[in-house]
Participant: 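Got a structure here, written out as structure tokens. Questions coming.
We number each residue from 1, following the sequence as shown.
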Amino acid sequence: MTVPQPGEPFVLVISTGGTIASTTDSQGARVPSLTAEELVTRCGVDTPVRVYDSAALDSSSMGLGDVDNLIQLVRAALADALITGIVITHGTDSMAETALALDLVHVDPRPVILTGAQRPADHPQPDGPDNLRRSIELAADPLARGRGVTVHFGGDTLAARGLIKNDTESLRAFALTAPLTLPRPAAVAPAALAGLNVPILRAWPGADASLVELVAGQNPDGIVVEALGSGNVSDAMGDALARVAEAGIPVVLATSVPYGEVAFAYGGAGGGATLGARGVLPAGWLRAGQARMALLTAIATGTDPRLLLG
């Protein structure tokens with residue numbers, strides 16, 4: 001690892017754990033064990049780098065407090081004019097969600113790039129070192145400025161907005177739900193997400209109202225639904241969701257379909273057009289996890305959710 005000299009520009013690498021930092025324990029399970037310094041040393045990059053260990057988590061355990069911490073770390077770090085960009089190593093399970101949460105509040109032109117791995121660090125052919133090396137090189141490149149938060153993975157550099165993990169094993173694990181890079185909404189000032197409660201519900205054909213009523217009875221701050229098709233649910237579920245929205249709890253409909261936009265076109269009690277008329281919001285190109293982050297950010301900052309959902 002090349003340590004910057006005093007006054008020399010550098011890339012900051014923040015480690016949060018994930019497969020890229022994992023090795024296999026005696027039980028055969030992957031466990032985050034490598035530090036940011038070890039990760040950078042293994043990737044063989046020549047760019048001057050400083051490192052910071054933020055967490056050592058499987059990203060399925062990345063809570064809102066951890067996301068808040070990352071947002072504050074990035075914001076504080078970018079106060080240093082010598083930093084050319086920031087790379088965050090992160091597990092793939094929730095990388096898309098964290099990337100969008102960061103992007104919604106990112107105003108600095110310098111790049112913030114998330115990366116990780118599909119294979120653990122002790123795999124005979126790990127993919128993490130290449131992903132990290134290229135991410136660091138991008139973070140040092142002046143041409144990478146002004147793109148917002150991105151994910152570099154498997155040779156692809158993709159915008160945060162509309163990002164999905166679309167394969168459990170492929171080394172090119174990420175894609176965009178849209179055919180083109182989506183425009184970014186105006187960034188909002190950061191506000192704490194921890195403490196807010198926005199669950200995700202899954203729709204299925206013929207679902208009744210019981211799950212919606214159970215969740216609504218817990219007074220959530222909002223609800224995101226992974227709906228069917230272009231944003232439809234069963235009649236019973238739709239009527240229950242509409243009643244929740246009319247009671248003042250924001251409800252957002254995303255879709256379980258990997259690609260395409262949620263378009264409220266269908267009638268009937270569970271159709272998107274009907275639900276939209278009753279106050280339910282479409283997630284646009286965002287899938288459920290990212291829609292949740294957009295809704296959480298909107299609630300935390302007092303922003304109209306439609307401005308962040310897009």
Side-chain angles (χ1 to χ4, degrees), residues 59-60 62 64 67 70-71 90 92-106 112 114 147-151 153 156-167 173-188 190-191 193 196-203 220-233 241 244-245 249-266 272-273 275-276 279-301 303-310:
S59 70
S60 59
M62 183 74 67
L64 293 178
V67 174
L70 266 183
I71 290 171
H90 196 287
T92 58
D93 286 355
S94 65
M95 188 180 291
E97 286 88 336
T98 298
L100 184 71
L102 289 163
D103 193 54
L104 290 169
V105 299
H106 185 58
V112 173
L114 281 74
R147 299 179 186 175
V149 176
T150 59
V151 165
F153 207 99
D156 299 318
T157 303
L158 301 169
R161 192 167 190 82
L163 189 73
I164 55 168
K165 183 180 179 182
N166 70 340
D167 198 296
F174 289 89
L176 295 176
T177 61
L180 299 172
T181 299
L182 297 167
R184 298 171 63 216
V188 296
L193 305 180
L196 294 175
N197 177 24
V198 176
I200 297 174
L201 310 185
R202 178 66 159 87
D221 297 292
I223 296 174
V224 173
V225 181
E226 190 175 69
L228 307 174
S230 60
N232 307 300
V233 298
L241 289 170
V244 172
I249 297 174
V251 177
V252 175
L253 249 62
T255 178
S256 58
V257 179
Y259 305 106
E261 186 177 13
V262 171
F264 282 177
Y266 289 85
L275 292 172
V280 175
L281 303 175
W285 297 95
L286 304 185
R287 292 307 175 260
Q290 287 204 333
R292 175 175 175 265
M293 282 301 183
L295 183 55
L296 283 161
T297 302
I299 294 168
T301 59
T303 304
D304 184 340
R306 290 171 291 189
L307 298 177
L308 302 187
L309 291 164

Participant: Has Thr255 got a side-chain atom pairing as donor or acceptor with Ser230's backbone, closer than 3.5 angstrom?
Facilitator: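 Here the side-chain-to-backbone pair does not exist.
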Participant: When rounded to the nearest 0.5 angstrom, what distance separates CG in Leu281 from CD1 in Ile223?
Facilitator: 12.0 Å
Participant: Salt bridge check, Arg184 against Asp103: does any charged N sit closer than 4.0 Å to a carboxylate O?
Facilitator: yes
Participant: Would you please name every residue forming a salt bridge (Lys or Arg N to Asp or Glu O under 4.0 Å) with Asp167, sequence neighbours left out?
Facilitator: none
Participant: What's the spacing between Arg147 CZ and Thr157 OG1 if we round to 0.5 Å?
Facilitator: 7.0 Å
Participant: Do Leu100 and Met95 come within less than 4.5 Å of each other through their side chains, counting heavy atoms only?
Facilitator: no
Participant: Answer yes or no: is there a donor N or O on one side and an acceptor on the other, between the side chain of Asn197 and the main chain of Asp221, under 3.5 Å?
Facilitator: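 Checked: no pair found.
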Participant: Do Val251 and Leu275 touch side chain to side chain, with heavy atoms closer than 4.5 Å?
Facilitator: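 No; the side chains remain at least 4.5 Å from each other.
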Participant: Under 4.5 Å between any side-chain heavy atoms of Phe153 and Leu158, yes or no?
Facilitator: no
Participant: Looking only at heavy atoms, what is the nearest atom pair of Ala160 and Gln290, with distance?
Facilitator: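 Of all heavy-atom pairs spanning Ala160 and Gln290, the closest is O-NE2, 2.8 Å.
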Participant: Are any non-hydrogen side-chain atoms of Arg161 and Pro185 less than 4.5 angstrom apart?
Facilitator: yes
Participant: Checking the side chain of Arg287 only, and the main-chain atoms of Pro258 only, is there a donor and an acceptor separated by less than 3.5 Å?
Facilitator: yes
Participant: Testing the basics here: between Thr301 and Val188, what is the closest heavy-atom pair and its distance to 0.1 Å?
Facilitator: CG2-CG2, 4.0 Å
Participant: Check whether any side-chain heavy atom of Val198 lies under 4.5 Å from a side-chain heavy atom of Val252, and answer yes or no.
Facilitator: no
Participant: Run Glu97 and Met62 through side-chain contact (heavy atoms from CB on, under 4.5 Å) and show every step you take.
Facilitator: CA-CA 10 Å; Glu97 286 88 336; Met62 183 74 67; over 6 Å; no
Participant: Are Pro250 and Ile299 close enough that some pair of their side-chain heavy atoms sits under 4.5 Å apart?
Facilitator: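 Side chain of Pro250 against side chain of Ile299, heavy atoms only: contact under 4.5 Å found.
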Participant: For Met293 and Leu104, which heavy atoms make the closest approach, and how far apart are they?
Facilitator: O-CD1, 4.1 Å
Participant: Quick one: closest heavy-atom pair of Ala288 and Ile200, and the distance?
Facilitator: O-CD1, 3.7 Å
Participant: Measure across Asn166 and Phe174 and return the closest heavy-atom pair with its distance rounded to 0.1 Å.
Facilitator: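 Where Asn166 meets Phe174 most closely, the heavy atoms are OD1-N, 3.7 Å.
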Participant: Enter the distance from Ile71:CD1 to His106:NE2 here, rounded to the nearest 0.5 Å.
Facilitator: 12.0 Å
Participant: Give, for atom CG of Leu296 and atom CG of Leu308, the distance between the pair rounded to the nearest 0.5 Å.
Facilitator: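 Rounded to the nearest 0.5 Å, the CG-CG separation comes to 11.0 Å.
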Participant: Are more than 12 heavy atoms, taken from residues, nucleotides or ligands other than Tyr266, located less than 6.0 Å from that residue's OH atom?
Facilitator: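 No, because the 6.0 Å sphere around OH of Tyr266 holds 12 heavy atoms or fewer from other groups.
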Participant: To the nearest 0.5 Å, what is the distance between OG1 on Thr297 and CG on Leu196?
Facilitator: 9.0 Å
Participant: Ignoring hydrogens and geometry, is there a side-chain-to-backbone donor-acceptor pair from Ser256 to Ala227 under 3.5 Å?
Facilitator: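 Yes, because the side chain of Ser256 sits within donor-acceptor range (under 3.5 Å) of the backbone of Ala227.
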Participant: Let me know which of Thr92, Thr150, Leu102 forms a side-chain contact (heavy atoms from CB on, under 4.5 Å) with Leu114.
Facilitator: Leu102
Participant: Of all the heavy-atom pairs spanning Ala187 and Val105, show the shortest one and how long it is.
Facilitator: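 What the structure gives for the nearest pair is CB-C, 4.0 Å.
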Participant: Heavy atoms, side chains only, cut-off 4.5 Å: are Leu163 and Leu176 in contact?
Facilitator: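 Counting from C-beta outward, Leu163 and Leu176 do come under 4.5 Å.
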